[in-house]
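Here's the structure, in structure tokens; my notes come after.
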Amino acid sequence: MKHILNCKIIYLFSCLFMVGGSFAVAPISVLIMTGQNNHNWPVSSQALKEIMESSGLFEVDMAISPVAGEDMDTFIVDFDPYQLIVLDCNGDSWPEVTKERFLRFVNDGGGVIVYHAANNAFPDWVDYNELCGLGGWEGRNELSGLYWYWEHGQLVPDTLPGPGGSHGHQHIYELTCRTTNHPITQGLPEKWLHATDELYDRMRGPGNISALLYTAWSNPETGGSGREELLIFTVQYGNGRVFHTMLGHAGPSIEENPAMECPSFQTLFLRGAEWAATGQVTQPVPFNFPAIQ
Ligand code: ZN
């Protein structure tokens, strides 16, 4: 009788292990910081949530701040339940307690995505700019840091004074991988085409880039800088991993949103998100990734 009971207990534990090990992998918990932006944040934040949740890897909440000019003191955010924070914000300063909690979250090893115009935000917050690596607009200039670009196989600083952040008109452009053995880029084509989008240039900051993943030629004929610009990279901040993508200008609606619908944007975003949260990437490369042969 005792033997049979033991067998039943072992069988029960085996079943529980199967459930835990094979069928019930918990999704990565994500919080999108949003609510103010010079972009169409209701579209971008919803699109990011859908892209992430439809992968099956992520469970996404949103922290929506008061609108611009309203009292931000109520925007107290608890980051503890999350593994990854997605920054889709560009507006009024967060309250000190939220800023402190956010930096503690990252310092303690939390993951962060700096998405598109989030690198415009908070020009005077030193730690935020260090976390982003590069930023633009909102009064940034030579006092915000050097203008970093790519030339002759290396990062080059432009030491001349000038504004930080600009872009030409939106167009389709090519991205080139500069670190092929990073978990985010491994297995992806070295060159790929991105759908119509803005191409940020003349970005300034501390330039504390850990791994430069992709650059793109900013063609003067499109209003660009005439330089190879740094568009996707990682930053180490404390013990936290930061994935920074300047791609993904939101369209007028979820249905009309070409830069964010691009398979390359979505693939890179999902791989960057998993890496920032866990340090590894388990996703296969999708068949529709727009490689350049
Ligand atoms: Zn934009």
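Each ligand, and each atom within it, is numbered from 1 in the order the structure gives.
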### Task
For the Zn ion (ligand 1), check which protein N, O or S atoms are under 2.8 Å away and list them.
His39 NE2, His116 NE2, Glu198 OE1, His249 ND1
### Message
Quick one, Met33 with Trp94, criterion side-chain contact (heavy atoms from CB on, under 4.5 Å). Give me CA distance, side-chain angles, the key distance, then yes/no.
### Response
CA-CA 11 Å; Met33 297 292 281; Trp94 299 341; 3.6 Å; yes
### Query
Once the angle between the rings of His249 and His39 is folded into 0 to 90°, is it parallel (under 30°), tilted (30 to 60°) or perpendicular (over 60°)?
perpendicular
### Task
Kindly assign one of parallel, tilted or perpendicular to the pair Trp125 and Tyr128, based on the angle between their ring planes and the thresholds 30° and 60°.
parallel
### Task
Kindly determine whether Glu274 and Arg271 satisfy salt bridge (charged side-chain N to carboxylate O under 4.0 Å, His left out), including the steps that lead there.
CA-CA 5 Å; Glu274 187 182 6; Arg271 293 173 74 91; over 6 Å; no
### Task
Could you note down all residue pairs passing salt bridge (charged side-chain N to carboxylate O under 4.0 Å, His left out) where residues 35-62 supplies at least one of them, sequence neighbours left out?
Lys49-Glu53
### Message
Which heavy atom of Pro290 sits nearest to which heavy atom of Pro263, and what is that distance?
### Response
CD-CB, 4.3 Å
